[in-house]
Amino acid sequence: QVQLVESGGGLVQPGGSLRLSCAASGIIVSTYTMGWYRQAPGKQRELVARINRSGNINYADMEGRFTISRDNAKNTVDLEMRSLQPEDTAVYYCHVTPLWWGQGTQVTVAS
């Protein structure tokens with residue numbers, strides 16, 4: 001059974017940083033394409049970043065503020081987020097291609 005557990009969300013002021021982590025069980029993260037998506041209220045879920053088995057990375061247009069990384073020893077995929085803005089407020093989801101999703105972690109950027 002595949003489980004993805006996200007952590008690290010919370011409330012942060014504009015300009016602040018957060019690090020999200022996705023802990024996987026039932027799969028080996030280095031053998032799948034792993035990604036982070038987000039869904040803001042009233043909007044569709046969108047890709048933030050993903051990393052494939054070869055370590056190749058794709059980012060949506062986050063202006064270089066986000067960094068995805070994979071820790072094979074811990075079987076986790078992290079998302080480092082910097083210079084956060086209110087428009088980054090969303091539920092952030094971990095995803096394993098093709099069909100597994102985590103439960104999401106809320107990120108709220110507000111002063």
Side-chain angles (χ1 to χ4, degrees):
Q1 182 180 358
V2 177
Q3 282 194 318
L4 305 173
V5 179
E6 300 100 334
S7 61
L11 174 64
V12 63
Q13 292 186 342
S17 300
L18 281 175
R19 186 179 184 93
L20 307 182
S21 185
C22 173
S25 59
I27 61 165
I28 298 173
V29 297
S30 61
T31 63
Y32 286 85
T33 292
M34 304 287 299
W36 283 95
Y37 288 72
R38 69 184 184 183
Q39 187 165 18
K43 294 188 177 180
Q44 289 189 331
R45 193 171 298 188
E46 62 176 359
L47 173 69
V48 175
R50 61 186 168 208
I51 179 169
N52 70 9
R53 293 178 296 177
S54 301
N56 297 315
I57 292 173
N58 295 112
Y59 291 102
D61 184 15
M62 300 299 168
E63 302 174 328
R65 298 180 295 121
F66 292 5
T67 302
I68 190 171
S69 61
R70 184 176 65 205
D71 188 326
N72 294 338
K74 294 181 179 179
N75 211 38
T76 59
V77 176
D78 290 356
L79 184 70
E80 182 78 29
M81 306 185 294
R82 301 172 296 276
S83 299
L84 286 163
Q85 300 302 318
E87 52 265 35
D88 295 315
T89 295
V91 179
Y92 285 71
Y93 296 91
C94 182
H95 178 255
V96 181
T97 302
L99 47 62
W100 295 296
W101 292 92
Q103 81 288 352
T105 185
Q106 176 69 48
V107 172
T108 302
V109 185
S111 55

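Quick note: numbers below take in every heavy atom, side chains included, and nothing from hydrogens, waters or symmetry partners.
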Worksheet item: Looking only at heavy atoms, what is the nearest atom pair of Leu18 and Gly8, with distance?
Response: CD2-O, 3.7 Å
Discussion item. Tell me every residue that passes side chain to side chain donor-acceptor pair (under 3.5 Å) with Thr108, counting only those two or more places apart in sequence or in another chain.
Written reply: Gln106
Practice prompt. Quick one: closest heavy-atom pair of Thr76 and Ala23, and the distance?
Written response: CG2-CA, 3.9 Å
Item to complete: State plainly whether one hydrophobic cluster holds both Tyr37 and Ile68, where clusters connect Ile, Leu, Val, Met, Phe, Trp and Tyr through side-chain heavy atoms under 4.5 angstrom apart.
Response: no
Discussion item. Out of the candidates Ile51, Asn75, Asp71, only one should pair with Val29 under the side-chain contact (heavy atoms from CB on, under 4.5 Å) rule; please name it.
Written reply: Asn75
Worksheet entry | Hydrophobic cluster membership, Leu47 vs Val107, 4.5 Å side-chain cutoff | no
Discussion item. Using a 6.0 Å cut-off, check whether atom CD of Gln44 has over 12 heavy atoms from anything other than its own residue.
Written reply: no
Worksheet item: More than 12 foreign heavy atoms under 6.0 Å from CZ of Arg50: is that the case here?
Response: no
Worksheet item: Taking all atoms of both residues into account, what is the closest heavy-atom pair of Tyr32 and Arg70, and its distance?
Response: O-NH1, 4.5 Å
Discussion item. Testing the basics here: between Ser30 and Asn72, what is the closest heavy-atom pair and its distance to 0.1 Å?
Written reply: CB-OD1, 3.4 Å
Item to complete: Would you sort out whether Met34 and Ile27 count as a side chain to side chain contact (heavy atoms under 4.5 Å, CB included), showing the intermediate values?
Response: CA-CA 11 Å; Met34 304 287 299; Ile27 61 165; 4.2 Å; yes
Practice prompt. Decide if atom CG of Leu99 counts as having more than 12 heavy atoms of other residues, nucleotides or ligands within a radius under 6.0 Å.
Written response: yes
Worksheet item: In terms of hydrophobic clustering (I, L, V, M, F, W, Y; side-chain heavy atoms under 4.5 Å; direct or indirect links), are Leu11 and Leu20 co-clustered?
Response: no
Discussion item. Among Tyr92, Tyr93, Trp101, exactly one meets side-chain contact (heavy atoms from CB on, under 4.5 Å) together with Glu6. Which residue is that?
Written reply: Tyr93
Practice prompt. Report the residues that fulfil side chain to side chain contact (heavy atoms under 4.5 Å, CB included) with Arg19, sequence neighbours left out, ordered by chain and then residue number.
Written response: Ser69, Asp78, Glu80
Response to the item:
One should read off an interatomic distance between Gln39 CD and Glu46 CD, to the nearest 0.5 angstrom, of 9.5 Å
Worksheet item: Are Leu79 and Val12 joined in one hydrophobic group, where the rule is that I, L, V, M, F, W and Y side chains link up if heavy atoms are under 4.5 Å apart?
Response: yes
Discussion item. Side-chain heavy atoms nearer than 4.5 Å, only ILVMFWY residues, links allowed to pass through others: does that put Trp36 and Val91 together?
Written reply: no
Worksheet item: Excluding sequence neighbours, so at least two apart, what forms salt bridge (charged side-chain N to carboxylate O under 4.0 Å, His left out) with Arg65?
Response: Glu63, Asp88
Worksheet, complete the sentence: When every non-hydrogen atom of Val5 is compared with those of Gln103, the smallest separation belongs to CA-OE1, 3.9 Å
